[in-house]
Protein chains: 4
Amino acid sequence: MAPAAREATRRRVLDATVRTLAAQGFTGTTARSIATTGGFAAGVIYYHFTDLDELFAATVRHVSETQLEQYRADTEGVDSAVELVERLRALYTAAGADRYVAAVQELFAAAHASTGLAEEVRAATTRWQDYAEATIRRLVEGTPFADLVPVREAAVTAVAAFLGVEMLTHLDPGLVDPAGLFDAAARAAALLDATRLL
Amino acid sequence: MAPAAREATRRRVLDATVRTLAAQGFTGTTARSIATTGGFAAGVIYYHFTDLDELFAATVRHVSETQLEQYRADTEGVDSAVELVERLRALYTAAGADRYVAAVQELFAAAHASTGLAEEVRAATTRWQDYAEATIRRLVEGTPFADLVPVREAAVTAVAAFLGVEMLTHLDPGLVDPAGLFDAAARAAALLDATRLL
Amino acid sequence: MAPAAREATRRRVLDATVRTLAAQGFTGTTARSIATTGGFAAGVIYYHFTDLDELFAATVRHVSETQLEQYRADTEGVDSAVELVERLRALYTAAGADRYVAAVQELFAAAHASTGLAEEVRAATTRWQDYAEATIRRLVEGTPFADLVPVREAAVTAVAAFLGVEMLTHLDPGLVDPAGLFDAAARAAALLDATRLL
Amino acid sequence: MAPAAREATRRRVLDATVRTLAAQGFTGTTARSIATTGGFAAGVIYYHFTDLDELFAATVRHVSETQLEQYRADTEGVDSAVELVERLRALYTAAGADRYVAAVQELFAAAHASTGLAEEVRAATTRWQDYAEATIRRLVEGTPFADLVPVREAAVTAVAAFLGVEMLTHLDPGLVDPAGLFDAAARAAALLDATRLL
DNA sequence: TATGAATGAGCCTTCATTCAT
DNA sequence: AATGAATGAAGGCTCATTCAT
């Protein structure tokens, strides 16, 4: 079998892991349930990954990296807050995105102690915080807030809020209304952009 | 045994559950590990609670309610943002508070589907959101932001951010610096309070 | 349940382990097969022993110690070789003895590396070698062989031969004829005893 | 591929099996571990042998036969006990011999029931017993022991003792001192040879 | 002939839960 | 009211074996 096939199967396992995490949560995501979701034998997992910890770590890395690239590409150079909010809304509501977010949130919440998963989650968190920081900095530049807003703190809070929103949304869609939050953000963005004209 | 004694044991179990959740995370919190933490036989749990789900649900309710009362009491009538931030900081850094927060965050993250735990978490979330909403409303009243800030959305986001910060802090204290966030909040609060004088 | 009950169950597990080892060999002795033999749930094993390694180690110690005491008691003070051989024959052919010997031989053969089992097997081996040495020394004392026979080497070889005979007997009763070996030993013993009269 | 090449691969598998048995014991000798030792894919094993049982049977036969030929060649016609002991010592300490002995002992200990391995072990045992019998008979001929020593029993015991010594040596080199046993045997051999001069 | 991907069974161990005492 | 023994159901992981290439 060609190496491409190997990689293809690895992807199938990662994909099944994401789907299972989104559907059953971390607790319900076992080697067996992943295999059932993906339609393969549980043994396959261990052929491609050392153990579940490694699989989860790889999943975090894969999903987080893929999404982050997407976010970077779609928000690159955007310096209008209004425009940014719309881009983020589009990314957030893109087909299939909810599943990735749900899976990552589950893994973030389950990461503990000195496992490989925890290591990967730490790294992913930092990367998202850095991305958020750069983006926020770009936004406030040229506005009266440039020197007022503590950018790093804002970025850190934004990432945390995003995770928290996901956690609650996933638990009960009635608890948080992401669309409403985007709307509110849009209004705030308009105000921010207005200050830039000065 | 008198009802008082019965209640005392129930408390011991709840307390052991909180301590175990904080120390070992949801995954590491089993009937056995709770019993070990509390120094009682695992069977005791089933004498006071139907099953682990009920115990977890009761834990969320107990801790959330206790904390919320504390928060309400300590921030009642506070309408200065600066003062509020300091009160919150005190509550957050109070002795033992970290354990409660950690336990609750674990249970929030683990809640799924139609379990009794999920039900209780939903209820607790709503209560906190309501508390946050009332508090924020009090803050912005009498300021130019009164009609600008979407209070409910802000409250919902605040609760989510709080949970997210806890999740990350618990994973790696290096990822988020709560003290720094309080400092930043304090500065923003000062600005807000300044607008009220007008 | 009284502590006596606990000990009784421990015995049942040990006994089932011996029987399974004798019947299926080390490879066929799994937690499940032991449980089936003993008529209890596999989980019981882990309630009384940390893991299979500890169970096997305890089995070696228990059986080896029990048998060795029996051997010591029944050959104490015997200084006639002929008498000794008959005592040993009786011990060897005693009801149930074959099962104990088979089990111990399996565990000796399976012991490897730095496991708890290996540790226990080492200790048991030394005790049997010491017993054999003391016994042989008593036999040759007062005979012309007293200074000729390297007692320790003879003891070590005797223990090894015993294990080897068991290994082969267990594999195929046709390969070795223990009864014939006892007969031959009896004849040699007669010669030895004869030299003592001088 | 030419038959010679086929045979060469078969040899590589057998050799890898011996090395793995010696290094990891029977329990640690799996299709995977053998393949790793030999540097080939696990599937190769099944191309040359029906299953692991057949591989093990072939290994016993191969090693046992090879060694036995060596022993026969090197002790042929030797009728001095002293000389014999030295020849055996040389064979025993020959480079690489320990590995063969260890592998065979592992397989002897693991053989059970009606497997192909058991069959082969039985056959090998008989051949070694026959060899030992012939050799011992040659030794005692012409000595006063000729009619005293039960040759078959002695041979059977010798083979058993050899296996037992190997088992213990392999477990812990401190339990038995093969060199010391050879020394003791040499002294006994000298005595035996002395009686032949009469 | 040889490889590596895949499968399904089975093993060790843990865990929630029950129950006799 | 509390304990500790016991159970049965998973769960993670390994392994012998098969098979397409």
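Predicted model, so just to flag it, every value in this text is computed and none were measured. The chains referred to below are lettered A, B, ... by the order of the sequence lines, with proteins before strands, and numbering in each begins at 1.
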**Fill in**
By nearest-nucleotide position on DNA chain F, the 5'-leaning member of D:Thr50 and C:Val44 is C:Val44

**Request:** Output all residues satisfying side-chain contact (heavy atoms from CB on, under 4.5 Å) with D:Ala124, sequence neighbours left out; order by chain, then residue number.
**Result:** D:Val60, D:Ser64, D:Phe108, D:Arg127

**Request:** Rounded to the nearest 0.5 Å, what's the gap from OG1 on C:Thr125 to CD on C:Glu120? Could you check?
**Result:** 10.5 Å

**Asked** What residues, two or more places apart in sequence or in another chain, satisfy side-chain contact (heavy atoms from CB on, under 4.5 Å) together with D:His112?
**Response** C:Glu106, C:His170

**Message:** So if I take residues 14-23 of chain A and measure heavy-atom distances to DNA chain F, which residues fall below 4.0 Å?
**Reply:** none

**Fill in**
Annotated structure of DNA chain F as dot-bracket, pair cut-off 3.5 Å, Watson-Crick or G-U only, | for inter-strand, is .||||||||||||||||||||

**Request:** Check every atom of F:dG4, F:dG12, F:dA10 against the side chain of C:Arg32 and return the nucleotide holding the closest atom.
**Result:** F:dA10

**Prompt:** F:dT14 phosphate, OP1 or OP2: any side-chain N/O from D:Thr30 under 4.0 angstrom?
**Reply:** no

**Prompt:** Rounded to whole angstroms, how far apart are CD1 on B:Ile45 and C1' on F:dT3?
**Reply:** 13 Å

**Asked** How long is the span from the CG atom in D:Asp172 to the CD atom in C:Glu119, to the nearest 0.5 Å?
**Response** 8.5 Å

**Complete:** Between the CG atom in B:Leu107 and the CG atom in B:Leu21, the distance rounded to the nearest 0.5 Å is 4.5 Å

**Asked** Could you give the distance from CZ (C:Phe56) to OG1 (C:Thr115), rounded to the nearest 0.5 Å?
**Response** 10.5 Å

**Request:** Send over the distance from B:Leu55 CG to E:dC15 P, rounded to a whole Å.
**Result:** 16 Å

**Request:** Output the distance between atom CZ (B:Arg12) and atom CG (B:Leu14), rounded to the nearest 0.5 Å.
**Result:** 12.0 Å

**Item:** Nearest-angstrom distance from the residue atom CD1 of D:Ile34 to P of F:dT17
**Value:** 11 Å

**Fill in**
Result for 5'-nearest mapping on DNA chain E, choosing between B:Asp53 and D:Gly39, is D:Gly39

**Message:** Is the phosphate of E:dA2 approached by D:Thr9 (side-chain N or O, under 4.0 Å from OP1 or OP2)?
**Reply:** yes

**Request:** Would you confirm whether D:Thr20, through its side chain, and D:Thr29, through its main-chain N or O, come within 3.5 Å as a donor-acceptor pair?
**Result:** no

**Sorted by number, the residues of residues 105-112 of chain B with heavy-atom contact under 4.0 Å to DNA chain E** = none

**Item:** d(CG, B:Asp51; C1', F:dA9) in whole Å
**Value:** 16 Å

**Asked** Taking atom CZ of B:Arg10 and atom CG of B:Leu55, what is their separation to the nearest 0.5 Å?
**Response** 8.5 Å

**Atom pair distance, as rounded to whole Å: CZ in A:Phe40 and P in E:dT7** = 9 Å

**Asked** Taking the side chain of D:Tyr46 as its heavy atoms from C-beta onward, which of E:dA16, F:dT17, E:dA5 lies nearest to it?
**Response** F:dT17

**Request:** Among C:Asp15, C:Val104, C:Ile34, C:Val18, find the one that has a side chain to side chain contact (heavy atoms under 4.5 Å, CB included) with C:Thr59.
**Result:** C:Val18

**Message:** Is it true that, when you exclude C:Arg61 itself, more than 12 heavy atoms of the residues, nucleotides or ligands shown sit nearer than 6.0 Å to its CZ?
**Reply:** no

**Fill in**
When rounded to whole Å, the CD to P distance for the pair D:Gln24 and F:dT14 reads 15 Å

**Request:** Send over the distance from A:Tyr47 OH to E:dA5 P, rounded to a whole Å.
**Result:** 3 Å

**Message:** Below the 4.0 Å mark, does F:dA6 have OP1 or OP2 next to a side-chain nitrogen or oxygen of C:His48?
**Reply:** yes

**Fill in**
Between A:Leu52 and B:Ala42, whichever has its closest DNA chain F nucleotide further toward 5' is B:Ala42

When the side chains of residues 39-52 of chain B are checked against the rest of the protein, which donor-acceptor pairs come out under 3.5 Å, sequence neighbours left out?
{"unit_1": "B:Thr50", "atom_1": "OG1", "unit_2": "B:Glu54", "atom_2": "OE1", "d": "2.5"}
{"unit_1": "B:Asp51", "atom_1": "OD1", "unit_2": "B:Asp53", "atom_2": "N", "d": "3.2"}
{"unit_1": "B:Asp51", "atom_1": "OD1", "unit_2": "B:Glu54", "atom_2": "N", "d": "3.0"}

**Item:** Between E:dA6 (P) and A:Arg6 (CZ): distance, integer Å
**Value:** 8 Å

